[in-house]
Amino acid sequence: MSALVQVRDLARDYSMGSGPVHALRGVSFDVEQGEWVAIVGPSGCGKSTLLNLLGAVDSPDAGSLTIAGERVDRLDDRAATTFRLRRIGFVFQRFYLMPALTAAENIELPMAEARIVRTERRARVQELLGYVGLAGRADHRPSQLSGGEQQRVAIARALANKPALLLADEPTGELDAATGLEMIDLFRRLNRDGTTIVVVTHDAQMAAAAARRIQMRDGAIIAEAVT
Amino acid sequence: MTRALVAAALGALWSLASPSVRPLHAQVIDSAPTHPSVVRTVALDARLASDAGLRLGDTVRISAAPNDTAAERVVISALLARRADPSEIARSEYRARLHLDQLQRLIGYGDRVDRFAIRSTGDSARGSLLRTINDAAFGFRAWPSAEIAVRTSRTFQVVRRFHRAIGVITIVASAAFLLCILLLKIDERRRDIAALRMMGISARTIVRSVVLEAGIIALLGSMSGVIFGIVMARLVNWHFQGVHRTTLAFTFVTGETVMLACGLSVVLGVVAGWVAARRLVTVPALTLLGR
């Protein structure tokens with residue numbers, strides 16, 4: 001059985017004033033179904049670029065990327081958008097919850113876009129809120145929630161359409177240490193329940209909690225470690 | 001009981017309307033009612049009565065010049081409220097309505113009039129009367145009252161056009177302001193839109209949502225403006241109606257104004273929302289996030 005994520009010789013260059021910047025230089029790795037991978041490395045090493053390519057937000061200049069059997073590197077903008085909606089869950093460092101919507105409505109948003117019927121959406125929202133420990137916060141707006149609670153809502157939103165892959169970009173970056181640990185526990189539980197996770201992080205504890213760590217430097221993988 | 005002298009200049013306005021205005025002078029000599037067969041009656045401008053402290057039933061002496069020995073004693077039998085007519089509210093003179101023979105005697109104008117009005121009982125009578133007068137009386141010209149109203153209101157039509165122009169300029173300027181504000185507000189949400197794009201929300205959904213939101217905000221804003229306009233119109237009317245002692249409405253918000261304000265505002269809101277949203281969704285999400 002093939003891996004959920006297959007990355008082969010992925011390269012991405014950016015044009016800067018001083019010349020091209022090689023953000024990724026032929027990166028290759030696999031992520032198995034149900035695996036939790038942490039991508040670590042110093043700032044500017046290409047880990048966020050890799051995450052954006054995995055999330056079909058950006059296109060590679062060379063190489064191939066296959067997720068759940070689909071060649072993501074060949075998708076046009078519209079197909080990539082649909083792919084993200086149905087196959088990818090994004091968790092951002094700054095949460096990016098819609099301020100005018102309640103926690104429940106924020107979680108419901110991707111499901112509404114995916115045209116899931118209302119009764120099913122509502123049931124899924126309740127299930128997800130309960131899963132992330134915010135059953136009593138359904139009607140709260142982001143401004144009424146703490147940073148940790150907002151990130152929990154963001155995680156629930158990312159899981160709304162039952163994605164094949166959960167991508168997280170510095171999910172503990174805006175949280176204090178204690179809340180960060182709670183978030184790590186949540187990710188651990190998610191992974192234990194079968195969610196495949198790729199997380200980009202500077203947080204040593206988050207990286208240590210992952211089953212596998214990919215160390216990057218200057219756009220290339222320099223080491224891999226399995227816990 | 002004799003009362004204080006009233007130094008009031010009276011502009012004559014008799015029941016058939018005279019354009020020739022000559023000052024009359026009135027002196028209050030008694031506030032007690034006098035027998036109607038002895039003393040003639042006069043109808044006075046309600047503003048004059050108010051300013052001079054006169055009441056119905058007061059007896060006054062009325063003459064064409066002050067201290068005229070031929071002054072006539074008259075009883076105030078009616079108070080005339082001035083019509084809510086924009087051509088009249090700024091006129092400061094007072095008016096009195098006298099019996100025709102009395103007025104002729106007082107002003108020495110003789111058996112002559114410059115203008116007079118005739119009330120007809122129907123359209124057919126009016127038409128034949130106009131023809132008869134115009135055919136028979138050389139130098140006279142008879143007009144139906146509707147036409148006189150049109151002729152005398154031309155100034156106000158010009159003023160109305162000025163007001164309309166000012167209103168349109170105000171609305172267009174406000175609309176341009178609204179457009180800029182909406183563009184800026186939507187541009188402020190570029191990170192939210194980037195996040196939505198990354199989550200897989202389609203460009204069409206985002207544009208539709210932004211347009212809907214901008215339209216609703218524009219509609220609510222214009223409705224607030226209309227309510228504010230109505231309140232201000234009432235304040236303006238209250239103030240100037242008090243100043244000019246009239247029931248004339250100086251300003252009001254018409255249905256046409258409301259439709260124009262709301263319609264234009266919604267159209268501009270929708271256009272601004274569409275332009276801003278289209279501009280943002282065509283930019284790559286990563287660029288919107290500043291990466």
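As the structure is a prediction and not an experimental result, all values here were calculated from the model. By convention in this document, chain letters (A, B, ...) are assigned in the order of the sequence lines, proteins followed by strands, and residues within each chain are numbered from 1.
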Interface moiety of A:P99 toward chain B, non-hydrogen atoms closer than 4.5 Å: side chain
Is it the backbone or the side chain of B:I193 that comes under 4.5 Å from a heavy atom of chain A, or both, or neither? neither
Does anything in residues 233-256 of chain B get under 4.5 Å of chain A by heavy atoms, and if so which residues? none
Toward chain B, the part of A:L167 with a non-hydrogen atom under 4.5 Å: neither
Which donor-acceptor pairs sit under 3.5 Å apart between chain B and chain A?
unit_1 : atom_1 : unit_2 : atom_2 : d
B:R191 : NH1    : A:Y96  : OH     : 3.0
B:R197 : O      : A:R84  : NE     : 3.0
B:R197 : O      : A:R84  : NH2    : 2.8
B:R197 : NH2    : A:D77  : OD2    : 3.0
B:M198 : O      : A:R84  : NE     : 3.3
B:S202 : N      : A:E113 : OE2    : 3.0
B:S202 : OG     : A:E113 : OE2    : 2.9
B:T205 : OG1    : A:E113 : OE1    : 2.7
B:T205 : OG1    : A:E113 : OE2    : 3.1
B:R291 : NH1    : A:D169 : OD2    : 3.3
B:R291 : NH2    : A:D169 : OD2    : 3.2

Output the distance between atom CZ (A:F90) and atom CE (B:M198), rounded to the nearest 0.5 Å. 4.0 Å
Over all heavy atoms of both residues, which pair between B:A285 and A:V57 is shortest? Give the atoms and the distance, please. CB-CG1, 4.3 Å
